[in-house]
Chemist: 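I am attaching a structure below and will ask some questions about it afterwards.
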Amino acid sequence: MGPPRHFRLPFLVLVVVLPLMLEWQQLAAWGGFLFLWSAYMVGPSSLYRWLRVWLPLSILYGLILLLFSGTGDWPRILLLMGRLLIALLGMQILTWSVPPSDVVRAFEWALPRLGVSLAISLRLVPRLERSAKWRLETLEERGFIDEESGLKALRTRASIWPGWLADSLDHAHDLGDAVQARGILAPRRWRHSVKRRIVQLALGEDVREDGVNPYHFSDSVQLGLDLEIRLPDGRCIGRHKELLRGGQIVLLRGPSGCGKSSLLRVIAGVSPWQHPVSVYGKVHISGHPSLGEVNLAEGPFTEAISCWIPQDPDRHGLAESVHREFKIARRLSGPWTQNEMLECLREWKLFDKLRSQPENLSEGEQQRLLLAAHLDSAQPIWLLDEADVHLDEAGFIQLGKAVVKHRARGGLVIVVAHRHARWERIADYEIDIGDSLPPQDYPSVWVERGEEIGTPPQGDLFSHDLKPVRAGDLILIQGANGSGKTTLLREWSGTSGLPWLPTSPDRRLLGMTIEEELNLQHPILFEQHLAGEEVQIPDAERIQLQQSALRLDLGLSHLSMATPVHDLSTGERRRLSLLPVLMRKPAIMLLDEIDHGLDDLTLADLIEELNIRRKSGCAIVITSHSPDLMAWTKVSGGRVWNIEQGQLTEVSL
C-alpha cells in the first residue's frame, strides 16, 4: 500500500520538498491526501497515535518561532507548522511501508552513506514514538500530571522534551556507531571478477557471492595501546600502555565510569569522532587480514576495523526483523547462505523468532541476535562490552564457545564485564582500569517476613499458583531468555500501580542534564525548581536531603549537575534511574536486571540499601541471570521463582 519500490526515493524527495513550495490551499489538499492514504494504510488508530506525538512538537516549534518573530507573523508561522507536520507525515508513510534494511540494500553498491542515513531516519521514527510513550508513563508513575491542572500538566510535559530530543540524538549516534563499526558505510564490492559473472549468466547459473572461509590469524595480530582518554572537562578516564597479541582473551575490569567502554569505542574506530572525548597517543593494529597495518589516528574509517558488540542491544540493531538483521550483517566476510543462517539461528535459540521484530524480543534475545549476526569470524579483534549481562546460562555457554573458538583461530578477544567470575576461567590476561576494587562479599541479612502485601497477576504467557508476597520478602525470578520475566514485571506494575524499573535505564530518564533529571524525579522537587530559591515548598527540603543521601550511597554525588545524562556510563545512568524508585518507598519494588552496568562495590552498596528497605517492610522482586545475585538470595532467606514452559513456579532452595 506504500510507494512502489522504484519510486520510494523520488517519493521521499517529493514529500520533503513539495510542502516548501506550496501555498496553504495546495498544502491543505496535499496534506489531506496523505492523511487519507495513511488512514487507509495503517488505520485511524495508528494515525491518531502518530498525531499525539508529532502535533504537540509542531505546536511547540510554532510557539518558539512566534516568540522570536513577533505576533504579526502568525499566518506565516502556521504555514511553517503545517509544512513541518506534512513533511513528517510523508516520511512516516515510508516508515510504515518500507523496511529500513531495504533502503540499505538499495544503496549498498553506490552511495551507501545516503542509504544508511535514510535507514537510520526510518528506524528512528518508531523509536521516537516509543521513547515519548515511555517518558509520559514515567511521569505518571512518579506522580506527575494526575492531580495537576491542564496548564501545569502542559508545563510538566514540555519539560521532558529537551531530554527526549537529547535521547533521540544519542540513539542516532548509537546507530551511526553501529553501521560505521560494521563497515556498512563502504560501498559493497564484488568478490568475483566480471568475467566469471558473465560466464555464470551465460550458463544460466545463479550469481551469488560465496562466503569467505574463517581466517586463521596465528599470532600475527597485535594491538598496541599507548594513549590517554579525557572527557571535555579534562577528567582522565583511562591511561593505557599495553601490547596485546592474537590468541588471547583479555578481561578488562574496573569501576563504573572508569572508561572501559570508551576504550573499546576507540579500538572499534568510532571514537573520538562521534563522541565528546579527546584521545592523546596512539592505537596501532598490525596483522589485519584485509587492511594490514592500521593506525587508528588516521580515522574515521568506512571499513570494519574490528568486531564490536556494544552495550544496550536495543539501540544498535539497524534492521526491522531478525531475518533482515542477518541479511545486512556481514560485509567483510560475505553474505550468509541459507543453511549458515538457519544453523546459526538454531545455535543461538532464535529459530522460531525469524520473522519477529527486534522490539518485540526480550533484552536477552536481542543480545543473542546481536551476537549471532555480528560476531564476525573474519575480523581478528573482537570487542565484547558487557555482552553476557542479559544472557541466560545457555546463552553464555554459546558465547563462551564462540570466544574460545576465535582464540584458537589466533584472534584477540577483549571482554568488558562486571560479573567477571565466569570470564576469569577462560581469560588469559586481565587488565584493571581505574582504582582496583577489593573482592566484595555482598551483604546479607535475614528478615522476618510480615503480612501478605500482593500477588503477581496471571499473565498471557504463563500461569501460576504461588503463595502471596509478604512484607520483607526477597524474590529472584529466573528463566530462559524470552520466557517472560520482564513481561511479568511490566504487567504486575500495570495492574497494581507498583514502580517498575526496566533493564534499559534510558526508559526512566527524563532530563537532558543531571540537574534536570533530579528535579523531575519527584513532583515536589519539580515544583520547588519552578518556584525558585525565594519560595520554600513544604517537604521539598526533606525530599532533597533524602535524594542527596541516596546519591551519596550510590556513588553519584561527585558528578557535576551540568553533565548531560547521556554522557554518563551505562552503570551511572542505571544508578540515576534507581533514585526515584528508592525515594517512593513502595510496598513492593520490581527491579529488572538490577546489576546491569554496576561494579562490585556499587552493587554491594545497592544491596545494602535494599536490605535496609526489606527491614522496613518493603518486598524486593528482581530478575537476573547473575550467579552472584542467586547466592545473595540464598544466604538472605529469599525465594526463587522460575518461569518454564508456561508455568511460574517456586523453586525450593
Chemist: Testing the basics here: between Leu520 and Arg142, what is the closest heavy-atom pair and its distance to 0.1 Å?
Modeler: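 That would be O-NH1, 3.1 Å.
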Chemist: Decide salt bridge (Lys or Arg N to Asp or Glu O under 4.0 Å) for Arg507 and Glu137; before the verdict, give the C-alpha distance in whole Å, the side-chain angles of both, and the deciding distance to 0.1 Å.
Modeler: CA-CA 9 Å; Arg507 298 191 182 190; Glu137 289 176 351; over 6 Å; no
Chemist: I want to check something: taking the side chain as every heavy atom from C-beta on, are Glu517 and Met512 in contact at a cut-off of under 4.5 Å?
Modeler: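 Glu517 does not reach Met512 side chain to side chain.
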Chemist: Is a side-chain N or O of Arg83 found less than 3.5 angstrom from the main chain of Leu22, in a donor-acceptor match?
Modeler: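 Checked: pair present.
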Chemist: Ignoring hydrogens, what is the shortest heavy-atom contact between Leu501 and Ser577? Give both atom names and the distance.
Modeler: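 Minimum heavy-atom separation between Leu501 and Ser577: CD1-O, 3.5 Å.
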Chemist: Do Asp312 and Asp174 have side chains that approach each other closer than 4.5 Å (heavy atoms only, starting at C-beta)?
Modeler: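 A side-chain contact under 4.5 Å is absent here.
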Chemist: Hey, are the side chains of Ser560 and Thr513 touching, using non-hydrogen atoms and a 4.5 Å cut-off?
Modeler: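 No - every pair of side-chain heavy atoms lies 4.5 Å or more apart.
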Chemist: Of all the heavy-atom pairs spanning Leu27 and Leu79, show the shortest one and how long it is.
Modeler: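 In terms of heavy atoms, the two residues are closest at CD2-CD1, 3.7 Å.
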Chemist: Would a distance-only check, ignoring hydrogens and angles, find a side-chain to backbone donor-acceptor pair under 3.5 Å from Thr563 to Leu559?
Modeler: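 Judged by distance alone, no pair lies under 3.5 Å.
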Chemist: Mind listing the closest non-hydrogen atom pair of Cys344 and Ala372 along with its distance?
Modeler: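 The pair with the smallest heavy-atom distance is SG-O, 3.5 Å.
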Chemist: Run Met81 and Leu84 through side-chain contact (heavy atoms from CB on, under 4.5 Å) and show every step you take.
Modeler: CA-CA 5 Å; Met81 289 169 53; Leu84 172 64; 5.8 Å; no
Chemist: When you compare the side chain of Leu136 with that of Ile160, does any pair of heavy atoms fall below 4.5 Å?
Modeler: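 Yes, close enough: below the 4.5 Å cut-off.
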Chemist: Between the main-chain N or O of Pro580 and the side-chain N or O of Arg584, is there a donor-acceptor pair closer than 3.5 Å?
Modeler: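 Not confirmed, Arg584 side chain does not pair with Pro580 backbone.
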Chemist: Would you call Glu325 and Arg182 a salt bridge, using N to O less than 4.0 angstrom?
Modeler: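 A salt bridge links Glu325 with Arg182.
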Chemist: Would you check if there is a donor-acceptor pair between the side chains of His529 and Glu516 at a distance under 3.5 Å?
Modeler: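 Not at all, the side chains of Glu516 and His529 share no donor-acceptor pair under 3.5 Å.
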Chemist: Just one of Asp506, Asp170, Asp167 clears the salt bridge (charged side-chain N to carboxylate O under 4.0 Å, His left out) bar with Arg573, so which one?
Modeler: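 Testing each of Asp506, Asp170, Asp167 against Arg573, the sole residue satisfying salt bridge (charged side-chain N to carboxylate O under 4.0 Å, His left out) is Asp506.
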Chemist: Main chain of Ser569, side chain of Arg574: is a donor-acceptor contact present, judged purely on distance under 3.5 Å?
Modeler: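 No, the answer is negative, given that no donor and acceptor are paired below the 3.5 Å cut-off.
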Chemist: May I ask you to test the Ile86-Leu18 pair for a side-chain heavy-atom distance under 4.5 Å?
Modeler: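 Heavy-atom side-chain distance check fails, nothing below 4.5 Å.
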Chemist: Tell me, please, whether Trp348 has Arg368 positioned over its six-membered ring: NZ or CZ under 6.0 Å from the ring centre and within 45 degrees of its axis?
Modeler: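 Verdict for Trp348: no cation-pi partner in Arg368.
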Chemist: Is there a donor in the side chain of Gln379 and an acceptor in the side chain of Ser306, or the other way round, less than 3.5 Å apart?
Modeler: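 No, no side-chain donor-acceptor contact under 3.5 Å.
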Chemist: May I ask you to test the His596-Thr570 pair for a side-chain heavy-atom distance under 4.5 Å?
Modeler: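 In short, these two side chains touch, coming nearer than 4.5 Å.
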Chemist: So does Leu489 get a backbone contact from the side chain of Ser493, meaning a donor-acceptor N/O pair under 3.5 Å?
Modeler: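 It does not hold such a pair.
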Chemist: Test your reading of the model: is there a side-chain donor-acceptor pair from Gln366 to the backbone of Pro358, 3.5 Å cut-off?
Modeler: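 At least one qualifying donor-acceptor pair exists.
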Chemist: Please lay out, stage by stage, how Asp385 and Ile309 fare under the test side-chain contact (heavy atoms from CB on, under 4.5 Å).
Modeler: CA-CA 6 Å; Asp385 195 355; Ile309 306 295; over 6 Å; no
Chemist: Run Arg130 and Glu359 through side-chain contact (heavy atoms from CB on, under 4.5 Å) and show every step you take.
Modeler: CA-CA 10 Å; Arg130 291 193 303 274; Glu359 292 81 5; 3.3 Å; yes
Chemist: Does Asn519 reach the main-chain N or O of Glu515 with its side chain, forming a donor-acceptor pair under 3.5 Å?
Modeler: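 Yes: the side chain of Asn519 pairs with the backbone of Glu515.
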Chemist: To the nearest 0.5 angstrom, please state how far the OG1 atom of Thr486 sits from the CG atom of Asp592.
Modeler: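 Here the rounded value is 3.5 Å.
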Chemist: Looking only at side chains, do Gln367 and Glu363 share a donor and an acceptor under 3.5 Å apart?
Modeler: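 No donor-acceptor contact under 3.5 Å links the two side chains.
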Chemist: If you take all heavy atoms of Gln528 and Val535, which pair is closest and at what distance?
Modeler: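 That closest heavy-atom pairing would be NE2-O, 2.6 Å.
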Chemist: With the side chain counted from C-beta on, respond yes when Phe144 and Phe526 share a heavy-atom pair under 4.5 Å apart, and no when they do not.
Modeler: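 Yes, at least one pair of side-chain atoms sits under 4.5 Å.
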Chemist: For the residue pair Leu89 and Leu47, establish whether any side-chain heavy-atom pair is separated by less than 4.5 Å.
Modeler: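 They are in side-chain contact.
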Chemist: Could you measure the distance from the CH2 atom of Trp164 to the OG atom of Ser159? Nearest 0.5 Å is fine.
Modeler: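 Trp164 atom CH2 to Ser159 atom OG measures 14.0 Å (nearest 0.5 Å).
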Chemist: For the pair Lys485 and Glu593, find out whether any cationic side-chain nitrogen is under 4.0 Å from an anionic carboxylate oxygen.
Modeler: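 Salt bridge between Lys485 and Glu593, a charged N being under 4.0 Å from a carboxylate O: no.
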Chemist: Going through the distances and angles, do Trp30 and Phe33 end up as a ring pair (Phe, Tyr, Trp, His ring centres under 6.0 Å)?
Modeler: CA-CA 5 Å; Trp30 174 244; Phe33 167 70; 5.7 Å; yes
Chemist: Do Asn481 and Ser362 have side-chain atoms, one donor and one acceptor, less than 3.5 Å apart?
Modeler: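 On atom types as modelled, these side chains do not qualify, holding no pair under 3.5 Å.
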Chemist: Minimum heavy-atom separation for Asp177 to Val270, with atom names?
Modeler: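 Taking every non-hydrogen atom into account, O-CG1, 3.6 Å.
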